[in-house]
Amino acid sequence: MCGIVGLVSKQAVNQELYDALTVLQHRGQDASGIMTDDQGVLCLRKSNGLVTDVFSEKHMLRLQGNMGIGHVRYPTAGSLSSIEAQPFYVNSPYGICLAHNGNLVNTDKLRQHLNLVDRRHLNTQSDTEVLLNLFAHELQKNYKQELTAESVFRAVRGVFENSSGGYAVVSMILNKGLVAFRDPNGIRPIVIGTRESDQGTEYMVASESVALDVLGYNLLRDILPGEAIYIDTDGNFSSQQCVEPKSHTPCIFEFVYFARPDSIIDGISVYKSRLRMGDNLAQSIIAKGLHHDVDVVIPIPDTSRTSALQVAHHLGVKYREGFIKNRYIGRTFIMPGQAIRQKSVRQKLNPIDLEIRDKNVLLVDDSIVRGTTSRQIIQMARRSGAKKVFFASAAPPVKYPNVYGIDMPAANELIASNKSDGELAEIIGADWLLYQTLEDLIKAVAFEESEIQSFDTSCFSGEYVTDDITEKYLKIIELRRNDAAKAELEQARKQLEINEPSISIN
């Protein structure tokens, strides 16, 4: 999962791109990058690290121009170094920069075609570079003609026809304009915003609406599945439905975990979705008669707070903050290696004993992936004097890998992949464990007024919205995502970065 942003403004965009990336930092803490267009001259700064670490004053001063794109990345099995930090760039045709959020599932096939047929050299294992070269190749077909919105949309149509997966893309054609598009299933989110200035209308695209809010842009709408938009340097806006949508199935895990609660995705409030998750979870607890012994409801910060508040309300018990979070530790289920994850959990959370001691505690979390965090938190609660510790997940059991941009672990590392709820409760050390049902989760997100009624639920159901996910493909990604593979990649990454400079171009 990553965060992307693009701006076409009437003034310098460097500071606003930086501000937008800090707001989207929750979507990726591994690497950051900004590219701007200074009247046809590429300005670039990208490296591994948080936004505040990657960009200093000298870097910001070099990022000149009124148009630019930015990206924050979280670590995946294929991300070795700052060379793979986004955005990426090719000089022909025109000079094109591109960043994306998501994952192509036919990368190997496209890579082979680009190498053997289109004769395009690829430097990295990143599917972003594949997308960039595919887009560049499609634009190259009409290079002798003047670049128009129609020629851009024709190129995007070629990308749609050849690529498969979940992706939201922002691209900049130097001295020409900004392009953004979304996969034909609408799996990954991307929104458009506008702002009026004395010189005219300014445009912004971003992964989440909260980035628009912070910069004073008004949310216009979401980019539709299979749609592309083009904004030239003069601020002329064009859009086209390049291919018919195959579905409109946003990733439901965005609402469970990744998105900020103050964001609106496909017309759905993330905050209200999480409120409804808590409502439904509480009703399940009551229906099973599990609520009688609960003294206090405590959320696992931060994402589960909204749901936990509703659970406490419906159960008629106290809601308390029982754990204090160190906000400077990254999200643990995507960290490489079990030992690192366990250490990070201990550093990330510290219990407040007086809220836990001598009480029957119901812990509410947004989801359970590996179970590392859940097990350690329950141990903390018991060491703090809890009489009993119950555990409820606002999401169903995560049993299958996500192939559309969330680097969830191999299936054999998912704690719920082949175990019953009773076995899982014993493994994590809970007195009882309750999961939200998939049906209730969908009802929580697809509320009655929503136009979206179907979602990508693959990590819960094993049903993938693209029709090309085979057992062979799942086996391949399992080999790439297991802890042993990640440990090897992490070691290679460290060796690379001993002598590798961060990338900064003016």
Side-chain angles (χ1 to χ4, degrees), residues 4 33 35 37 40 42 44 46 69 71 76 78-81 83-184 188 226-228 230 240 242-243 246 403-405 466-468 470 472-473 476-477 480 503 505:
I4 58 174
M35 285 183 175
D37 177 1
L42 170 68
L44 162 67
K46 63 178 182 176
I69 62 176
H71 184 269
T76 63
S79 302
L80 279 177
S81 66
I83 293 173
E84 297 193 359
Q86 298 182 40
F88 278 70
Y89 169 76
V90 290
N91 65 345
S92 178
Y94 307 107
I96 307 171
C97 314
L98 185 143
H100 101 290
N101 169 36
N103 183 56
L104 297 182
V105 298
N106 64 336
T107 304
D108 293 342
K109 178 181 177 181
L110 288 173
R111 184 182 300 278
Q112 185 178 35
H113 183 89
L114 286 166
N115 280 329
L116 299 180
V117 180
D118 298 341
R119 301 301 181 185
R120 286 186 168 270
H121 175 72
L122 302 176
N123 287 310
T124 72
Q125 295 301 307
S126 172
D127 60 344
T128 307
E129 189 182 19
V130 172
L131 262 174
L132 170 60
N133 278 274
L134 179 58
F135 181 47
H137 175 73
E138 293 295 328
L139 273 178
Q140 187 78 49
K141 292 178 179 179
N142 303 289
Y143 184 54
K144 292 183 180 179
Q145 302 175 11
E146 181 182 354
L147 184 73
T148 63
E150 180 54 42
S151 61
V152 169
F153 295 143
R154 191 180 303 119
V156 173
R157 192 175 302 119
V159 174
F160 284 143
E161 290 171 352
N162 288 283
S163 58
S164 178
Y167 50 90
V169 175
V170 61
S171 178
M172 181 172 64
I173 305 174
L174 293 182
N175 220 22
K176 302 294 183 181
L178 188 80
V179 184
F181 53 93
R182 188 181 188 187
D183 69 85
R188 300 266 68 90
E227 183 190 22
Y230 176 61
Q240 187 176 107
C242 294
V243 296
K246 295 180 180 179
V403 301
Y404 301 125
T466 58
D467 56 6
D468 51 357
T470 63
K472 180 181 178 181
Y473 178 79
I476 291 171
I477 65 169
R480 291 174 179 171
I503 300 171
I505 299 173

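Worth saying up front: this structure is predicted, and the values here are computed from it rather than measured.
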Review point. Can you check whether Thr124's main-chain N or O pairs, donor with acceptor, with Glu129's side chain at less than 3.5 Å?
Key: yes
**Study point:** Polar side-chain atom of Asp127 near backbone of Thr107 as donor-acceptor pair, under 3.5 Å
**Key:** no
Review point. Got a donor-acceptor contact below 3.5 angstrom from the Lys46 side chain to the Gln86 backbone?
Key: no
Exercise for review: Answer yes or no: is there a donor N or O on one side and an acceptor on the other, between the side chain of Ser151 and the main chain of Leu147, under 3.5 Å?
Suggested key: no
**Study point:** N/O donor-acceptor pair under 3.5 Å between Arg188 side chain and Tyr404 backbone
**Key:** yes
Check your understanding: Taking the side chain from Arg111 and the backbone from Leu122, do they hold a donor-acceptor pair closer than 3.5 Å?
Key -> no
Practice item. Please report the shortest heavy-atom distance between Val156 and Ala228, naming the atom on each side. Key: CG1-CB, 3.8 Å
Practice item. Over all heavy atoms of both residues, which pair between Ile4 and Asn101 is shortest? Give the atoms and the distance, please. Key: CG2-N, 4.0 Å
Revision key, fill the gap. Here the gap from Leu114 atom CG to Asn162 atom CG, rounded to the nearest 0.5 Å, amounts to 9.0 Å
Exercise for review: Report the C-alpha separation of Ser164 and Asp468 in whole Å, then their side-chain angles, then the decisive distance to 0.1 Å, and conclude whether the side chain to side chain donor-acceptor pair (under 3.5 Å) test is met.
Suggested key: CA-CA 8 Å; Ser164 178; Asp468 51 357; 2.6 Å; yes
Check your understanding: Could you give all pairs that pass the ring-ring contact (aromatic ring centres under 6.0 Å, His included) test and reach residues 91-135, with sequence neighbours left out?
Key -> Tyr94-Tyr143
Check your understanding: Checking Asp183 side chain against Gly166 main chain: does a donor-acceptor pair fall under 3.5 Å?
Key -> no
